[in-house]
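Note that the structure is predicted; figures quoted are calculated from it, not measured.
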Amino acid sequence: MTDWIDLSWNFAPGMPVPLWPGQRQQDYSIEAFHMKNTGGNQNFIHFNIHCGTHVDAPGHYHPGGDPIEKVPLERWMGTCFTADLDLPPLTPIEVSHLKPYEEQFTKANMLFVRTGADTMWGTPDYATKYPFFTPESGEYLIEKGCKLLGMDTPGPDAGLASGHRSGSPLHFTLLGNDCLIIENLANLKKIAGRTTYVMALPIKFEGAYGGPARIVAKELDA
């Protein structure tokens, strides 16, 4: 592999969006218009920052934590090991799932976890039936020094409508211990079981606690 691999979903109408019961509609929309005075084409967009392939900054769940513009750039770049779990829907990700990869991910700057849930992208099941991390697995990752965790699901905690969600323990544990989060990754099968070099730079929205990102990976130089 010599070329960069895109690990990001397209932002497009109809994409999965945050499904938070009781909250207002979160749909993504984009409007194109033509500027008659300049001759150029423009767009307006409307979306929740925490949809599509995006990152979570510490302040998303950690009181007093940094917003996105204060996270050092180097935190979003570096070596990344991708654990290949390929789990059935709604499987709790236990410490026992992660421990076999401990030697690899503790040597890398980031850990991505492939669950296989990306095959449900664009279906109602994607928001509710994805595998999720147990509180114990989150504590284990912090103990092992994980500083960035990425996944091919809407988040580390179970979906709100899944029947398995009780609070947001993973978000609090990870972000509260300065472990950044990347959600809704794509194409992890292409790098599963290997260490690659990843760039995951989010848009620099001042004061925001997350941001969409174009995330790419490349084979490490021999």
Side-chain angles (χ1 to χ4, degrees), residues 6-29 47-56 60-61 80-101 105 110-141 146 148-175 179-193 200 210 212-213 215:
D6 195 345
L7 305 179
S8 314
W9 290 106
N10 291 345
F11 277 73
M15 65 183 285
V17 295
L19 185 61
W20 297 319
Q23 299 293 319
R24 64 187 179 90
Q25 189 66 31
Q26 304 288 319
D27 285 350
Y28 167 89
S29 63
F47 66 103
N48 185 299
I49 281 177
H50 294 272
C51 74
T53 304
H54 72 279
V55 307
D56 288 351
H60 183 37
Y61 272 82
C80 176
F81 178 76
T82 301
D84 192 9
L85 301 188
D86 200 12
L87 301 169
L90 291 175
T91 300
I93 301 173
E94 307 280 359
V95 173
S96 59
H97 289 106
L98 303 170
K99 201 167 183 62
Y101 302 102
F105 78 72
M110 313 175 188
L111 170 64
F112 287 174
V113 174
R114 174 183 176 262
T115 70
D118 59 342
T119 60
M120 296 188 288
W121 180 263
T123 74
D125 287 346
Y126 181 78
T128 58
K129 295 187 177 181
Y130 58 88
F132 55 91
F133 293 80
T134 64
E136 293 77 16
S137 62
E139 293 165 2
Y140 163 76
L141 290 174
C146 183
L148 189 151
L149 175 66
M151 62 223 66
D152 58 355
T153 70
D157 290 294
L160 282 174
S162 70
H164 294 268
R165 181 78 170 253
S166 179
S168 303
L170 273 299
H171 278 89
F172 279 108
T173 294
L174 297 172
L175 296 174
C179 179
L180 304 171
I181 299 173
I182 300 178
E183 299 171 340
N184 299 316
L185 286 163
N187 297 320
L188 289 187
K189 190 172 184 178
K190 294 183 178 181
I191 61 170
I215 299 172

Separation of [Y] [atom2] from [X] [atom1] (nearest 0.5 Å):
X      : Y      : atom1 : atom2 : result
Asn10  : Met15  : CG    : CE    : 9.0 Å
Ser8   : His54  : OG    : NE2   : 12.0 Å
Asp118 : Asn187 : CG    : CG    : 7.5 Å
Leu185 : Leu7   : CG    : CG    : 6.0 Å

Inset, instruction - Flag the pair Ile182 / Phe112 as yes when at least one side-chain heavy-atom distance between them is below 4.5 Å, and no otherwise. - result: yes
Heavy atoms only: give me the nearest [X]-[Y] pair and the separation to one decimal.
X      : Y      : value
Asp6   : Ile215 : OD1-O, 3.5 Å
Leu90  : Ser162 : CD2-CB, 3.9 Å
Ile181 : Leu175 : CD1-CG, 3.8 Å
His171 : Pro156 : CE1-CD, 3.5 Å
Gly52  : Phe11  : CA-CZ, 3.9 Å
Tyr130 : Ala158 : OH-C, 3.1 Å

Inset, instruction - List for me each residue that meets ring-ring contact (aromatic ring centres under 6.0 Å, His included) alongside His97, sequence neighbours excluded, and say none if there are none. - result: none
Legend entry - Any residue meeting ring-ring contact (aromatic ring centres under 6.0 Å, His included) with Phe132, in chain and number order, not counting sequence neighbours: His164
Inset, instruction - Over 60° means perpendicular and under 30° means parallel, so classify the ring planes of Tyr28 and Phe47, tilted if in between. - result: tilted
Inset, instruction - Keeping the roles fixed (side chain from Asp152, backbone from Gly116), state whether a donor-acceptor pair exists under 3.5 Å. - result: yes
Which side-chain N or O atoms in residues 121-129 pair as donor and acceptor under 3.5 Å with protein atoms at least two apart or in another chain?
from   : atom 1 : to     : atom 2 : distance (Å)
Thr123 : OG1    : Met120 : O      : 2.7
Thr123 : OG1    : Asp125 : N      : 3.4
Tyr126 : OH     : Asn184 : OD1    : 2.6

Inset, instruction - Applying side-chain hydrogen bond (donor to acceptor under 3.5 Å, both in side chains), name anything that partners Thr53, two or more places apart in sequence or on another chain. - result: none
Inset, instruction - With sequence neighbours excluded, tell me which residues meet side-chain contact (heavy atoms from CB on, under 4.5 Å) with Thr173. - result: Glu139, Ile142, Asn177
Inset, instruction - Return each pair, listed once, that meets side-chain hydrogen bond (donor to acceptor under 3.5 Å, both in side chains) where at least one residue sits in residues 82-96; pairs must be two or more places apart or across chains. - result: Asp84-Arg114
